[in-house]
Amino acid sequence: MKNIIIGTAGHIDHGKTTLIKALTGTNTDRLDEEKKRGITIDLGFTHFQLPSGKKAGIIDVPGHEKFIKNMLAGIGGIDIVLFVIAADEGFMPQTQEHLDILSILQVKKGIIVLTKIDMVDKEWLELVKEDIREKTKDTFLQNASFASVSAKTKEGISELTTLVDEMTEETETKNTKMPFRIPIDRVFSITGFGTVITGTQIEGELNIGDNVLVLPTGIETKIRNIQVHGETVKTSYAGQRVAINLANVKKEDIDRGNVLAPYNSMYPSMMLDVKISLLKSSERILENRTRLRLYHGTSEILCRIVLLDKEELRPGESGYAQLRLEEEMVAKRGDYFVLRFYSPLETIGGGTILDPNPVKHKRFKKDTIEELRIKEEGSSEEVVEKIIKRFSEKLETIEFYGTQTGLGEKMIKELIKPLIEEKIIVIFLDNILVHYSFIEEIEVKMLDILKNYHKNNPLKTGINKEELRSRLLPNARLKLFSEFVDYYCKKGIIKQVNNNIALSSFEVILTETQKSISEELDKIFFDSGFQPPSIEELVKNKKNQKEYRQVILMLTENGTLVKIAEDYYMHYENFNKSIELLKEYINKNNDILLSQFRDLLDTSRKYALPLLEFFDQNKITKRIEEKRILY
Ligand SMILES: Nc1nc2c(ncn2[C@@H]2O[C@H](COP(=O)(O)OP(=O)(O)OP(=O)(O)O)[C@@H](O)[C@H]2O)c(=O)[nH]1
Ligand SMILES: [Mg+2]
């Protein structure tokens with residue numbers, strides 16, 4: 001089911017709170033002072049039972065210019081605005097300011113509600129409507145429906161209800177795959193329950209029992225209970241108004257402006273990279289390092305703006321900037337925010353967060369501006385690709401990228417699927433992500449190492465895998481490196497021979513002399529059975545000792561000879577035979593003594609003992625006191 005939040009907006013005394021009462025039956029002004037003065041000071045909350053059966057959360061905001069700060073804390077997560085204008089007064093200053101704020105925060109849907117129609121005649125009403133059409137031109141409300149109502153006579157109220165109901169059908173379903181996020185708008189304590197916060201769950205899914213953080217303070221807490229529309233639920237979803245009972249945290253330790261979120265979804269920051277636009281209607285020129293008020297989620301934070309690509313910003317202009325904050329906050333890429341002057345208090349513009357955890361930038365740097373441009377224009381998929389490219393050499397995990405982008409693991413897994421299919425991203429060990437450009441970089445280095453190695457070691461089958469790892473990807477564990485090797489083997493670039501890596505095209509090529517030495521040795525070792533000659537003895541009287549030794553090494557690498565111990569090599573056929581005989585014997589007799597093994601091979605202790613020890617080491621046999629059994 002869709003979850004919808006409806007907010008009010010409009011000038012003071014234009015009938016917002018009265019309208020909500022007429023629609024829902026609830027007076028959302030709850031403070032004594034509000035009741036006494038007849039104005040709204042802080043946000044009011046209730047829910048709306050729609051005829052279709054849907055329930056929408058309602059946020060009523062104050063219209064007084066002094067309380068814009070509170071209005072800003074409530075308006076961020078809304079889907080539909082009831083843009084209230086009193087028919088008798090028409091468009092007023094905060095009507096305009098609220099419209100600006102809603103536009104900056106990218107609210108997309110609204111109904112223009114003309115209230116107090118019992119106080120004006122039809123002709124006047126038409127004039128007011130005309131004026132409103134003019135003033136909402138080129139805004140998200142330019143084609144909005146009008147609803148004309150009187151809370152006093154109830155005229156138009158049921159028509160408005162139907163209009164709202166229809167509009168909820170058109171709102172977009174929210175993303176529940178993101179890590180959940182709740183900008184906190186109220187904190188109180190209830191005797192017997194403890195601390196309760198309320199807020200609009202703008203993203204994700206939350207469950208009772210979840211361990212979560214209050215940010216930016218990092219206080220650890222647990223979800224004890226969740227209420228949506230006054231009822232306890234196990235799970236709450238993006239787009240719902242929620243009241244949450246938190247365990248082990250004092251009311252005093254949480255403020256409006258804090259955010260409830262899971263571990264590793266956002267990191268506190270003292271800087272933000274942003275794209276900002278100044279309102280056309282603003283009459284000021286924004287200079288570098290001006291002190292401003294930043295409104296994001298439910299928070300208000302003082303900051304200075306560093307203009308990165310312009311000397312100054314004029315009304316209607318936009319540019320890249322870095323906000324240097326006076327307090328820590330948490331945000332995600334793509335979040336919207338509003339900026340107001342520090343003094344006099346005046347909304348001047350706002351924009352989008354491009355990087356919530358940037359490094360400090362200098363002004364007018366081409367690279368910085370280019371990177372911000374990609375962050376601004378790129379889809380999530382493109383940004384994920386860029387970030388994976390940047391961190392490829394660190395061999396980072398899906399979890400890391402979930403945090404780095406603020407998208408969470410689940411979203412990263414979704415976003416990389418097409419990238420992996422298109423072979424732009426390669427995944428290793430089901431978790432480590434690298435960009436294809438990194439794969440190519442490594443390939444070039446590897447080819448270089450292997451070419452050199454083959455040149456210097458023409459009789460060796462290839463470079464030892466561990467040696468290659470330490471030269472190529474020293475921070476990769478062996479398991480990960482093995483997957484890299486498999487990848488390049490499949491790609492047909494390299495091959496693995498036993499534990500050595502070679503270029504796929506590489507073959508050991510022997511000279512005529514080497515060939516005849518190889519054949520000679522093959523025969524000598526085969527014929528000598530279980531009493532092979534010592535290499536030292538063998539080469540002692542040879543002219544070309546060095547070549548003999550090289551060929552022996554090569555025969556060992558390619559598996560013709562098996563090195564049992566120092567200066568003790570056996571032909572692989574004899575070696576295999578010895579294992580066969582051993583197994584046959586133990587299967588019959590349960591175990592074997594050294595002397596029995598010696599007799600079995602018809603050899604001497606000198607040859608039998610190292611061979612048995614070699615079997616022990618290679619887990620073919622197991623020694624129990626004087627006897628050996630099969631491992
Ligand atoms: N005659 C008449 N009076 C109305 C109507 N709607 C509201 N009022 C009156 O207008 C006054 C202000 O109404 P509110 O609902 O408090 O206005 P508001 O927009 O919530 O004001 P703030 O929250 O302070 O910005 C109250 O005295 C209401 O009784 C209406 O349709 N007809
Ligand atoms: Mg009110």
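Worth saying up front: this structure is predicted, and the values here are computed from it rather than measured. In listed order, ligands and their atoms are each counted from 1.
- Between Ala147 and Ile111 the shortest heavy-atom distance is CB-CG2, 4.1 Å.
- Close approach of ligand 1 to Gly63 is summarised as follows: ligand atoms under 4.0 Å from at least one heavy atom of the residue are 22 (P), 25 (O).
- Ligand-side atoms of ligand 1 in range of Ala151: 6 (N), 30 (C), 31 (O), range being under 4.0 angstrom from any heavy atom.
- Between Glu231 and Lys55, at least one side-chain N (NZ, or NE/NH1/NH2) sits under 4.0 Å from a carboxylate O, which counts as a salt bridge.
- For ligand 1, the atoms lying closer than 4.0 Å to a non-hydrogen atom of Gly38 are 16 (O).
- Under the 4.0 Å criterion applied to side-chain N and carboxylate O atoms, Lys135 and Asp131 are assigned as salt-bridge partners.
- By the 3.5 Å distance cut-off applied to N or O atoms, Gly15 is counted among the residues near ligand 1.
- Under a 4.0 Å criterion applied to the non-hydrogen atoms of Ser150, ligand 1 contributes the atoms 31 (O).
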Please set out all donor-acceptor pairs under 3.5 angstrom arising from side-chain atoms of residues 277-288, sequence neighbours excluded.
{"unit_1": "Ser282", "atom_1": "OG", "unit_2": "Arg284", "atom_2": "N", "d": "3.4"}
{"unit_1": "Arg284", "atom_1": "NE", "unit_2": "Glu346", "atom_2": "OE2", "d": "3.2"}
{"unit_1": "Asn288", "atom_1": "OD1", "unit_2": "Leu307", "atom_2": "N", "d": "2.8"}

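- Looking at atom 18 (P) of ligand 1, its nearest protein heavy atom turns out to be Lys16 N, 3.4 Å.
- A salt bridge links Asp42 with Arg256: the distance from a Lys NZ or Arg NE/NH1/NH2 to an Asp or Glu carboxylate oxygen falls below 4.0 Å.
- Shown here are the side chain to side chain contact (heavy atoms under 4.5 Å, CB included) partners of Pro358, two or more places apart in sequence or in another chain: Ser269, Met271, Asp273, Gln322, Asp355, His361.
- Atom 24 (O) of ligand 1 has Thr40 N, 2.9 Å as its closest protein atom, hydrogens excluded (heavy atom only).
- Near Ile12, the atoms of ligand 1 lying under 4.0 angstrom from a non-hydrogen atom of the residue are 24 (O), 25 (O).
- Side-chain atoms of Ile101 and Tyr295, non-hydrogen and from C-beta on, never get closer than 4.5 Å to each other.
- By the salt bridge (charged side-chain N to carboxylate O under 4.0 Å, His left out) test, Glu376 pairs with Lys275, sequence neighbours left out.
- Using a 4.0 Å cut-off between a side-chain N of Lys or Arg and a carboxylate O of Asp or Glu, Glu326 and Arg304 do not qualify as a salt bridge.
- The single protein non-hydrogen atom nearest to atom 21 (O) of ligand 1 is Asp13 N, 3.0 Å, given as residue, atom name and distance.
- Protein heavy atoms all stay at least 4.0 Å away from atom 27 (O) of ligand 1.
- Shown in contact with Met119 at under 4.0 Å from a heavy atom are these atoms of ligand 1, numbered in order with element: 1 (N).
- In terms of polar-atom proximity, defined here as any N/O pair under 3.5 Å, Lys116 does make such a contact with ligand 1.
- Note on Glu312 versus Arg314: salt bridge recorded, some NZ/NE/NH1/NH2 to OD/OE distance being below 4.0 Å.
- Among Ile39, Asp88, Asp118, the residue whose heavy atom lies nearest to atom 2 (C) of ligand 1 is Asp118.
- Counting only distances under 2.8 Å, and ignoring water, the protein N, O or S atoms around the Mg ion (ligand 2) are Thr17 OG1, Thr40 OG1.
- Of the possible donor and acceptor atoms, one in the side chain of Gln201 sits under 3.5 Å from a partner among the backbone N and O of Gly204.
- Interface atoms of ligand 1 facing Thr18, defined by a heavy-atom separation under 4.0 Å, are 6 (N), 7 (C), 13 (O), 14 (P), 15 (O), 28 (C).
- Ser236 contributes no side-chain N or O that, together with a main-chain N or O of Val242, makes up a donor-acceptor pair within less than 3.5 Å.
- Between the side chain of Glu89 and the backbone N or O of Ala86 there is no donor-acceptor pair closer than 3.5 Å.
- Not one N or O of Asp29 is nearer than 3.5 Å to an N or O of ligand 1, by distance alone.
- Arg224 and Phe193 get closest at one heavy-atom pair: NH1-O, 2.7 Å.
- Close approach of ligand 1 to Lys152 (heavy-atom distance below 4.0 Å) involves ligand atoms 1 (N), 31 (O), 32 (N).
- Residue Asp60 places no N or O, backbone or side chain, under 3.5 Å from any N or O of ligand 1.
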